[in-house]
Amino acid sequence: MSIPSAVKSTPIGDRQQLVDYLAAGEKPREDWRIGTEHEKFGFLTDDLRPPPFEGERGIRVLLERLAERYGWDIAREGDIPVALSRDKASVTLEPAGQLELSGAPLENIHETCREVNTHLKEVRSIADDLGIGFLGMGFQPKWRRDEMPWMPKGRYKIMREYMPKVGSLGLDMMTRTCTVQVNLDFETEADMVRKFRTSLALQPIATALFADSPFTDGRPNGYQSFRSQVWTDTDPHRTGMLDFVFEDGFGYERYVDYILDVPMYFSYQDGRYIDLAGQDFKRFMRGELPAVPGTHATMKDWADHLTTAFPEVRLKQYLEMRGADGGPWNRLCALPALWVGLLYDDEALSAAWDLVKDFSRAERHALRDGVPKHALKLPFRGHSVRELAAETLKIAAHGLKRRARLNHHGADESIFLEPLLEIVEANQTPAERKLELFNGAWNGSVDPVFGEFAY
């Protein structure tokens with residue numbers, strides 16, 4: 001939900017306004033939608049390097065040609081194109097030029113998959129002429145951090161300078177990771193709480209199923225989802241499993257208190273980003289920040305601040321599922337199918353909660369901490385994550401079948417779970433498959449990944 005312009009400039013008078021902002025996301029079931037986002041790495045097809053922003057084969061040209069040919073509106077910082085928008089969807093840039101589609105709110109996964117395919121075709125039609133390819137993985141497999149370009153966005157300059165102060169892998173998160181996520185609605189505060197708890201406990205299962213980041217600097221890194229591992233050393237104040245979500249009394253107010261304790265990055269005022277990195281949002285509400293003396297935080301500042309926390313599940317005016325590595329197009333459809341199947345059907349949500357409700361805090365953390373390295377083979381309660389993933393997928397499939405949203409062939413949305421069912425059946429993650437190729441047919445080189453796994 002976008003903020004009406006009249007509300008954006010409203011100074012924040014008290015904490016209740018912030019609670020009410022989250023509550024304003026509540027929607028009746030018939031208005032629930034599915035918003036899918038995915039990021040991908042660009043590479044120059046001749047030398048595999050990431051494309052720079054400027055230049056005849058740069059990201060800027062790609063954005064401008066996409067806008068011209070396919071009717072996207074260009075958003076700019078100054079005269080620099082930094083994003084595109086069309087029909088409630090947007091194309092944005094991550095810090096090193098990873099291209100992100102933030103999809104429109106859609107009614108079913110069939111529409112989601114059509115949207116993804118249309119986007120990839122549009123991008124490819126422009127990128128092919130420029131000698132640019134795109135790859136879906138969780139972590140840049142070949143290039144070092146210092147070889148990655150930086151996009152000229154004010155927000156990223158502030159984050160780039162702040163990240164090394166709070167963790168050793170934050171700059172890797174910014175420049176060398178890609179994810180796929182889905183944003184889902186809730187009806188009431190109680191519904192939000194149930195979905196938040198269930199999805200947070202199961203987020204490591206998504207991490208395991210989608211694990212696809214086994215290489216760093218051209219070599220195996222010892223992980224299956226190094227992207228997930230990166231988050232453990234990015235910034236402890238704004239990441240993690242949010243244990244308080246499972247405590248009695250959790251709701252909008254408790255989440256507001258959490259976000260108020262997250263240090264700031266910036267305030268966007270008069271077309272520019274003001275560096276407030278590490279500052280206290282509560283002091284900003286009182287107009288006490290030395291960098292902006294007498295300026296009081298507005299509701300637009302609050303909406304922006306909500307985007308600067310990075311837990312495994314994030315609450316805005318919807319819930320964001322954040323645990324999965326980026327991947328090929330069929331897994332871009334599988335991720336929303338997994339979570340819609342689990343969270344948008346009452347029977348499935350109850351079954352999923354029954355699966356995780358007695359997990360201890362230690363067990364939830366053991367899952368979160370263990371799956372980046374071991375994925376499906378992580379031991380858990382006398383079995384492994386593979387068994388937990390199989391049961392989760394069964395619940396999701398039943399949920400999607402009960403939703404009964406059919407395509408023109410009469411198939412329901414459970415067809416989109418097929419890639420995940422194959423992963424569980426084979427007991428081999430996408431990362432393990434690539435490692436097998438690296439040690440075999442690829443003769444110890446990651447370069448073939450850019451050909452065999454490009455979109």
Side-chain angles (χ1 to χ4, degrees), residues 34-41 94 98-103 109 112-113 116 135-141 173 176-184 195-196 198-214 223-232 234 239-241 310-314 318-343 352 364 367-376 378 385-386 388-390 392-393 395-396 416-424 428-434 453 455:
I34 304 158
T36 304
E37 304 179 19
H38 81 270
E39 302 158 354
K40 50 204 165 290
F41 296 107
E94 292 301 297
Q98 306 99 306
L99 202 66
E100 177 175 5
L101 172 69
S102 296
I109 314 295
T112 295
C113 216
V116 166
L135 172 69
M137 284 184 71
F139 194 85
Q140 162 60 248
M173 179 278 290
R176 296 203 287 177
T177 64
C178 281
T179 185
V180 53
Q181 67 181 54
V182 64
N183 306 325
L184 298 174
K195 286 173 175 170
F196 204 146
T198 304
S199 61
L200 189 54
L202 284 173
Q203 211 60 221
I205 308 309
T207 302
L209 285 167
F210 285 78
D212 197 357
S213 41
Y223 291 87
Q224 295 191 49
S225 177
F226 189 61
R227 180 207 62 84
S228 181
Q229 182 65 19
V230 161
W231 282 111
T232 66
T234 290
T239 58
M241 286 294 282
F310 309 119
E312 297 293 295
V313 175
R314 179 163 68 184
Y318 43 83
L319 285 166
E320 298 179 347
M321 308 294 119
R322 298 174 48 83
D325 284 4
W329 73 266
N330 63 353
R331 290 208 305 275
L332 304 181
C333 307
L335 189 277
L338 171 67
W339 291 114
V340 167
L342 292 171
L343 303 184
R364 289 194 298 269
L367 285 169
R368 168 64 184 93
D369 296 340
V371 293
K373 188 179 283 278
H374 303 289
L376 296 177
L378 179 72
V385 167
R386 180 192 183 194
L388 198 51
T392 302
L393 287 171
I395 294 169
F416 296 112
L417 295 177
E418 279 302 319
L420 306 182
L421 293 167
E422 290 170 9
I423 287 165
V424 167
Q428 185 183 54
T429 63
E432 289 172 316
R433 173 63 180 143
K434 288 185 174 68
F453 289 90
Y455 289 113

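Computed from heavy atoms alone, side chains included, the values below leave out hydrogens, waters and symmetry copies.
Taking the six-membered ring where the residue is Trp, Phe139 and Phe226 present perpendicular rings, their angle passing 60° and hence far from 30°.
In this structure, Gln203 contributes its side chain and Gly323 its backbone to a donor-acceptor pair below 3.5 Å. A donor-acceptor contact shorter than 3.5 Å is absent between the side chain of Thr207 and the backbone of Val371.
Across every non-hydrogen atom of Val230 and Thr234, the tightest pair is O-OG1, 2.8 Å. In this structure, Ala375 and Ala211 approach most closely via the heavy-atom pair CB-CB, 4.3 Å. Shown here for Arg314 and Glu320, the closest heavy-atom pair between the two residues is NE-OE1, 2.6 Å. Closest non-hydrogen pair, Gly138 versus Arg227, comes out as O-CB, 3.3 Å. Scanning both residues, Leu338 and Phe210, for their nearest heavy atoms gives CD2-CE1, 4.4 Å. Minimum heavy-atom separation, Met137 to Phe41: O-CE1, 3.5 Å.
Looking only at side-chain heavy atoms (C-beta outward), Pro204 and Val385 stay at 4.5 Å or farther from each other. Using a 4.5 Å cut-off on side-chain heavy atoms (C-beta onward), Thr179 and Arg322 make no contact. At least one side-chain heavy atom of Leu202 sits less than 4.5 Å from a side-chain heavy atom of Trp339. The side-chain heavy atoms of Thr429 and Asp212, taken from C-beta on, include no pair separated by under 4.5 Å. Between Ile109 and Val340, some side-chain heavy-atom pair lies under the 4.5 Å cut-off. Here the side chains of Glu432 and Gln224 are in contact, with some heavy-atom distance below 4.5 Å. Between Trp329 and Lys40 there is no side-chain heavy-atom pair separated by less than 4.5 Å. You'll find the side chain of Met321 stays beyond 4.5 Å of the side chain of Pro336, heavy atoms only.
Separation of atoms CD (Glu37) and OG (Ser102) is listed at 4.0 Å; rounding is to 0.5 Å. One finds the NE2 atom of His38 at 7.5 Å from the CG atom of Leu99 (value rounded to the nearest 0.5 Å). Lys195 contributes atom NZ, which lies 11.5 Å from atom CG of Leu342 (distance to the nearest 0.5 angstrom). Note that the CG atom of Leu393 and the CD atom of Glu418 stand 10.0 Å from one another [nearest 0.5 Å]. Note that CG of Asn330 is 10.5 Å distant from CZ of Phe416, once rounded to the nearest 0.5 Å. Glu100 contributes atom CD, which lies 7.0 Å from atom CD of Gln181 (distance to the nearest 0.5 angstrom).
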Could you give me the CA-CA distance, side-chain angles and deciding distance for Arg331 and Ile423, then say whether side-chain contact (heavy atoms from CB on, under 4.5 Å) is met? CA-CA 11 Å; Arg331 290 208 305 275; Ile423 287 165; 4.2 Å; yes
Please determine whether side-chain contact (heavy atoms from CB on, under 4.5 Å) holds for the pair Val424 and Leu209, giving the CA-CA distance in whole Å, both sets of side-chain angles, and the decisive distance to 0.1 Å. CA-CA 8 Å; Val424 167; Leu209 285 167; 3.5 Å; yes
Show your working on side-chain hydrogen bond (donor to acceptor under 3.5 Å, both in side chains) between Arg368 and Ser228 and close with a plain yes or no. CA-CA 9 Å; Arg368 168 64 184 93; Ser228 181; 3.0 Å; yes
Verdict with supporting geometry, Val313 and Leu319, side-chain contact (heavy atoms from CB on, under 4.5 Å): CA-CA 7 Å; Val313 175; Leu319 285 166; 4.1 Å; yes
